[in-house]
2 protein chains.
Amino acid sequence: MPTALHPTAEAQACCAPLVAAPISAQDAEALARTLKALADPTRLRLLSLVAAHEGGEACVCDLTDPVGLSQPTVSHHLKVLVDAGLLTRDKRGVWAYYAVVPGALDAVAAVLDTQLRR
Amino acid sequence: MPTALHPTAEAQACCAPLVAAPISAQDAEALARTLKALADPTRLRLLSLVAAHEGGEACVCDLTDPVGLSQPTVSHHLKVLVDAGLLTRDKRGVWAYYAVVPGALDAVAAVLDTQLRR
DNA sequence: CGTCAATATCGACAGTCATCGATGTCTGCG
DNA sequence: CGCAGACATCGATGACTGTCGATATTGACG
């Protein structure tokens with residue numbers, strides 16, 4: 001199951017104070033897991049390449065050359081991104097098509113702004 | 001010098017296409033450096049604790065207890081955050097006061113949204 | 001100057017991670 | 001069935017990282 005982050009939502013009444021209570025240990029752990037998946041130059045480029053590819057999806061063979069790494073390594077990074085809930089994998093025939101999960105990065109950005117702003 | 005990320009700005013005419021060209025290797029490297037500093041549960045909590053502390057600043061002794069780690073370890077994490085340009089350090093007398101850099105996280109969030117959205 | 005307290009730095013150790021080549025798995029095709 | 005190609009998994013290896021105790025540094029104070 002993807003390690004998606006749960007925004008501790010409940011909509012928070014309305015505009016929460018600029019700085020509320022410090023983030024909980026569990027929330028920090030969850031957010032860190034997602035950020036760790038993002039905190040690698042190769043994975044950032046893969047994410048970007050998939051997003052920029054026509055149709056919003058790309059297969060492994062489209063990505064191996066641009067990043068200049070071996071196929072097993074690219075496959076490994078893609079798995080990390082899928083496990084983090086940032087990419088989806090759709091196997092059609094022999095090819096595996098990867099696409100970015102629509103709202104995932106907005107969620108990360110929102111948590112950063114909401115929880116750590118000053 | 002802090003490894004701040006340069007938004008490759010130039011204001012991009014106006015509303016850039018939803019998905020432009022893939023991120024460059026250098027930009028990916030820079031963004032990954034910042035994200036790596038964020039991708040640790042302890043550092044996220046430290047950042048949050050500093051932001052939530054009165055006056056928006058806190059010294060090491062305020063932070064050691066809440067995270068439950070040794071003083072050298074907390075000091076190390078704070079150094080990582082300062083080097084990443086996410087915290088400032090202000091030594092006043094015997095105490096070192098840390099504060100979050102106002103726009104730093106917004107910049108990270110903006111790059112995530114701009115470069116990787118779909 | 002000597003002591004104490006708050007931090008930073010150092011050295012070591014264990015755990016994690018990125019990468020690769022080799023190999024396994026599955027699909028399409030003849 | 002048998003082969004070829006796309007992709008995933010495995011095992012190994014070198015590099016990096018989080019953590020600690022010990023120690024150095026720095027400022028306040030008597």
Side-chain angles (χ1 to χ4, degrees), chain A residues 2-3 25 28-50 53 55 57-84 86-99, chain B residues 2-3 25 28-50 53 55 57-84 86-99:
Chain A
T3 314
E29 198 86 42
L31 181 54
R33 260 194 298 271
T34 302
L35 288 172
K36 217 171 284 236
L38 282 173
D40 181 280
T42 299
R43 288 197 285 271
L44 287 174
R45 296 191 67 198
L46 286 174
L47 218 44
S48 169
L49 284 165
V50 170
H53 204 263
E57 60 179 11
C59 58
V60 180
C61 55
D62 293 325
L63 304 170
T64 300
D65 268 21
V67 299
L69 293 176
S70 73
Q71 173 265 320
T73 302
V74 172
S75 213
H76 161 69
H77 283 306
L78 291 171
K79 177 175 169 48
V80 171
L81 290 170
V82 170
D83 287 350
L86 298 169
L87 283 184
T88 58
R89 192 178 92 105
D90 179 26
K91 185 142 194 176
R92 294 200 296 271
V94 186
W95 289 274
Y97 291 92
Y98 290 86
Chain B
T3 313
E29 199 86 42
L31 180 54
R33 261 194 297 271
T34 302
L35 288 172
K36 221 172 282 243
L38 282 173
D40 181 279
T42 299
R43 288 196 286 270
L44 286 174
R45 295 191 69 199
L46 287 173
L47 218 44
S48 169
L49 284 164
V50 170
H53 203 262
E57 60 179 11
C59 59
V60 179
C61 57
D62 292 324
L63 303 169
T64 300
D65 268 21
V67 298
L69 293 176
S70 73
Q71 174 267 319
T73 301
V74 172
S75 212
H76 161 68
H77 283 306
L78 290 171
K79 176 174 170 48
V80 171
L81 290 169
V82 169
D83 287 349
L86 298 169
L87 283 184
T88 58
R89 192 179 93 106
D90 180 24
K91 186 142 195 176
R92 293 202 294 272
V94 185
W95 290 274
Y97 291 92
Y98 289 87

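Just so it is clear: chains get the letters A, B, ... in the order the sequence lines come, proteins before strands, and each one is counted from 1.
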For DNA chain D, whose closest nucleotide is more 5', that of B:Gln71 or that of A:Gln71?
A:Gln71
Any side-chain to backbone donor/acceptor pair from [X] onto [Y]? Under 3.5 Å, distance only.
X       : Y       : answer
A:Arg89 : A:Lys79 : no
B:Asp83 : B:Val80 : no
B:Arg45 : B:Val67 : no

Nearest 0.5 Å, what's the CG-CG distance between B:Leu81 and B:Asp40?
8.5 Å
To the closest 0.5 Å, what do you measure between CG (B:Leu35) and OG1 (A:Thr34)?
11.5 Å
Comparing nearest nucleotides in DNA chain C, the 5'-proximal residue of the pair A:Val94, A:Ser70 is A:Ser70
Is the shortest side-chain heavy-atom distance between [X] and [Y] below 4.5 Å?
X       : Y       : answer
A:Leu38 : A:Leu44 : yes
B:Val74 : B:Leu78 : yes
B:Tyr98 : B:Asp90 : no

Using OP1 and OP2 only, check whether a side-chain N or O of [X] sits under 4.0 Å from [N].
X       : N      : answer
B:His77 : D:dT19 : yes
A:Tyr98 : D:dA8  : yes
B:Thr73 : D:dC20 : yes

Rounded to 10°, the angle between the first-five-pair and last-five-pair axes of the helix from C:dC1-D:dG30 to C:dG30-D:dC1 is 20°
Rounded to whole Å, NZ of B:Lys36 lies from P of D:dC16 at a distance of 10 Å
What contact category does A:Arg43 fall into here, base, sugar-phosphate, or nothing, at under 4.0 angstrom with non-hydrogen atoms?
sugar-phosphate
What is the nucleic acid contact for A:His76, judged by heavy atoms within less than 4.0 Å: base, sugar-phosphate only, or nothing?
base
Using a strict threshold of under 4.0 Å (side-chain N to carboxylate O), is an ion pair present between B:Arg92 and B:Glu57?
yes
Under 4.0 Å from a heavy atom of chain A: give me the 5'-most and 3'-most nucleotides of DNA chain C that qualify.
C:dA18 to C:dG28
